[in-house]
Visitor: 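Below: one structure in structure tokens.
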Amino acid sequence: MLPAWAQKSQTNPNKDFVIASVDKHQKELTAISDKIWAYAETALKEFKSSKELADYAEAQGFRVKRGVSGMPTAFTAEYGSGKPVIGIMGEYDALPGISQKASPVREALVEGAAGQGCGHNLFGAGSMGAALAIKELMQQGKLKGTIRFYGTPAEEAVGGKIYMARDGLFSDVDVCLDWHPDTKNAANTQSSQAMVDFLVEFKGKAAHAAADPWNGRSAVDGLEAFTDGVNMLREHVRPSVRMHYAIVSGGDVPNVVPEYARIWMWVRDSKRSGVEEVFARVKEIARGAGLVAGVETKVTVQTGDYELLVNRTGAAALQKNLEVLGPIIYTPEEIAFAKKIQEVQGGAQTGLDGGIYPLRETLEHPVGGSTDVGDISWIVPEITLQATTAPANTAWHGWSVVACGGMSIGHKGLILASKSLAMTMVDLFENEQLRKDIRAEFEQRRGGHVYKSYIPDGPPPIPSQN
């Protein structure tokens, strides 16, 4: 008897083929994911992680370009030629300080090291599996066009996709796809938050804090006046706005009037226009704080993200394929693992949610979170999947997500993502009308807006390797 997915999808042999391809390569894909999980390399330092994916793509017959857009850890992998061009993105950067074993209790793998607290090890490998399945179909002459995988670094920091977009790497793409680890399986119909990431620096004059403080001008006074102003502003912004900061330099010793201080801040809102409005106020607060303290101020934008431009037509196509595949089935051991994590973190012990959620209404104000995928969605129609890789009622960007991403719970989400994205790409290659409908919605939602990124002129901020 045919398995459930084959019974449901046998009317399209190309979809059966890509499902079988992902199954065939499952051990390789999960092994790549586990290696990237163990490497746990942070933004723009993902040398081993990007090499793992690029080497695999090259070995599978893709044309690979490494070090694109001035980032040593960015690459593209392409197969085929001509139109349509369908893109799929993969991430692999980790977050600092949350190293964790594949254990349901807090146990650092390497004390103080980074960890895959957003599941990007799964993201990169899962998208690669989908691209490979399409490549194998093309190799057999069953699809025509170009499949392009984007190895995109530094999503958690500067936004590697934005530099790739600036260099025109997405300009010829008809539709682009991605996915993200989550606590549920769904074709995404929700936007993300727009964001601007910037530094505010204060430069004053040092003096002896006891002997002649009147000769000094405290940069920290300027910083404190600035944070006071920002925190007063919180009462007068829309509920959708988020402002958060970290003081990264605030003097060295108490007995010297500090001549330098620096704060790192993000402003977010549901729309970029809202971010611009608040950011203008924040820059005025910085200027005023400098006047209060008698110090110089400088505001430097580092990066920023657009909100995600949702494409419901594309999401509906993805939804149909998710429903064909059906829910993820978990073992008792996996459910116990999830419940133990929830117990340790004080959440309700609900276990894992492997079900397929229906399409939701697109909300005006999304739940918090920003991504450089948002920028790509204003350049090319973008379809996003969410796949269960960790339990609900636990802290994202935390050790619990790292733990699940290094074992079978995360692996099952990776495989569901890989299959459903590959099936959706079959639809996109085969159905010109679907591509036209997706493009029409994209143009309608974009409304003539001309995309302009937040990133400053010049090369990406590659960290020193010393």
Side-chain angles (χ1 to χ4, degrees), residues 83-91 123 126-127 130-131 134 145-150 152 155 161-162 164-165 169-180 182 184-194 270-273 305-324 356-367 369-387 417 420-451 453:
K83 286 285 193 176
V85 179
I86 306 300
I88 185 166
M89 297 182 283
E91 297 171 5
F123 184 172
S127 292
I134 295 298
T146 304
I147 175 68
R148 186 181 300 146
F149 176 93
Y150 293 87
T152 62
E155 189 274 338
K161 297 178 192 67
I162 308 172
M164 297 168 85
L169 270 62
F170 293 89
S171 298
D172 63 341
V173 177
D174 291 277
V175 182
C176 199
L177 298 90
D178 82 306
W179 74 284
H180 202 281
D182 206 281
K184 62 180 180 296
N185 301 311
N188 182 55
T189 55
Q190 305 306 314
S191 186
S192 57
Q193 287 184 310
S270 302
K271 301 287 186 290
R272 177 162 166 154
S273 57
D305 299 328
Y306 271 73
E307 72 273 20
L308 184 70
L309 197 62
V310 171
N311 194 289
R312 293 189 65 90
T313 305
L318 174 58
Q319 178 71 22
K320 290 177 182 177
N321 292 311
L322 273 176
E323 290 173 358
V324 165
I356 307 299
Y357 277 69
L359 286 181
R360 292 175 57 206
E361 178 187 353
T362 301
L363 303 176
E364 183 179 358
H365 299 296
V367 177
S370 306
T371 173
D372 56 3
V373 175
D375 283 61
I376 305 309
S377 75
W378 285 80
I379 299 168
V380 56
E382 220 284 326
I383 305 171
T384 297
L385 165 72
Q386 299 163 251
S420 57
L421 291 168
M423 293 168 73
T424 306
M425 286 194 284
V426 168
D427 290 326
L428 293 169
F429 277 105
E430 291 182 338
N431 190 338
E432 182 181 4
Q433 188 58 51
L434 174 61
R435 298 195 303 272
K436 287 181 177 179
D437 291 346
I438 287 171
R439 172 63 65 168
E441 180 181 342
F442 167 71
E443 297 294 354
Q444 184 272 325
R445 288 184 181 271
R446 186 166 62 164
H449 176 82
V450 178
Y451 169 78
S453 73

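Bear in mind the structure is a predicted one, so any value in this text is a computation, not a measurement. Numbers here are sequence positions counted from 1.
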Visitor: Are the side chain of Thr189 and the backbone of Arg312 linked by a donor-acceptor contact shorter than 3.5 Å?
Guide: no
Visitor: Mind checking the OG1-CD spacing from Thr384 to Gln190? Nearest 0.5 Å is all I need.
Guide: 11.5 Å
Visitor: Considering all heavy atoms of both residues, which atom of Ala186 and which atom of Tyr357 are nearest to each other, and what is their separation?
Guide: CB-CB, 4.0 Å
Visitor: Among residues at least two apart in sequence or on other chains, which ones pass salt bridge (Lys or Arg N to Asp or Glu O under 4.0 Å) with Lys436?
Guide: Glu432
Visitor: Which residue is it: Ser377, Ser192, Pro381? I am looking for the one with a side chain to side chain contact (heavy atoms under 4.5 Å, CB included) to Leu309.
Guide: Ser377
Visitor: Drop me the distance from Asn185's CG to Leu385's CG, to the nearest 0.5 angstrom.
Guide: 7.5 Å
Visitor: Which heavy atom of Thr146 sits nearest a heavy atom of Phe429, and at what distance?
Guide: O-CZ, 3.4 Å
Visitor: Any idea which heavy atoms bring Glu91 and Asp372 closest together, and the distance?
Guide: OE2-OD1, 4.1 Å
Visitor: So how far is it from Met164 CE to Thr152 OG1, rounded to the nearest 0.5 Å?
Guide: 6.5 Å
Visitor: Glu441: which residues meet the salt bridge (Lys or Arg N to Asp or Glu O under 4.0 Å) condition with it, sequence neighbours left out?
Guide: Arg445
Visitor: More than 12 heavy atoms of other residues, nucleotides or ligands under 6.0 Å from CD of Gln433: is that the case?
Guide: yes
Visitor: Applying salt bridge (Lys or Arg N to Asp or Glu O under 4.0 Å), name anything that partners Arg439, two or more places apart in sequence or on another chain.
Guide: Glu443
Visitor: Does a side-chain heavy-atom distance below 4.5 Å link Asn311 with Glu382?
Guide: no
Visitor: Just to verify, what does Ser273 make a side chain to side chain donor-acceptor pair (under 3.5 Å) with, not counting sequence neighbours?
Guide: none
Visitor: Answer yes or no: is there a side-chain heavy-atom contact under 4.5 Å between Leu322 and Thr424?
Guide: no
Visitor: Please report the closest heavy-atom contact between Trp179 and Ser127, naming both atoms and the distance.
Guide: CD1-OG, 3.3 Å
Visitor: Please find the pair of heavy atoms, one from Asp427 and one from Ala317, that lie closest to each other, and give the distance.
Guide: OD2-O, 4.3 Å
Visitor: So, using side-chain contact (heavy atoms from CB on, under 4.5 Å) as the criterion, who are the partners of Tyr451 when residues are at least two apart?
Guide: Ile162, Tyr306, Asp375, Trp378, Ile379, Ser453
Visitor: Which residues pass the side chain to side chain donor-acceptor pair (under 3.5 Å) test with Asn188, sequence neighbours left out?
Guide: none
Visitor: With rounding to the nearest 0.5 Å, note down the distance linking CD1 in Ile376 to NZ in Lys161.
Guide: 7.5 Å
Visitor: Please check: side-chain N/O of Gln193 versus main-chain N/O of His365, any donor-acceptor pairing under 3.5 Å?
Guide: no
Visitor: With no hydrogens and no angle check, is any side-chain donor or acceptor of Asp174 less than 3.5 Å from a backbone partner on Ile86?
Guide: no
Visitor: Please determine, by modelled atom types, if Glu307 and Ser270 share a side-chain donor-acceptor pair under 3.5 angstrom.
Guide: no
Visitor: Nearest 0.5 Å please: distance from the CZ atom of Arg435 over to the CG atom of Leu428.
Guide: 7.5 Å
Visitor: When rounded to the nearest 0.5 angstrom, what is the spacing between OH in Tyr150 and SG in Cys176?
Guide: 6.0 Å
Visitor: Which heavy atom of Ala422 sits nearest a heavy atom of Ala130, and at what distance?
Guide: N-CB, 3.8 Å
Visitor: Flag the pair Leu318 / Ser420 as yes when at least one side-chain heavy-atom distance between them is below 4.5 Å, and no otherwise.
Guide: yes
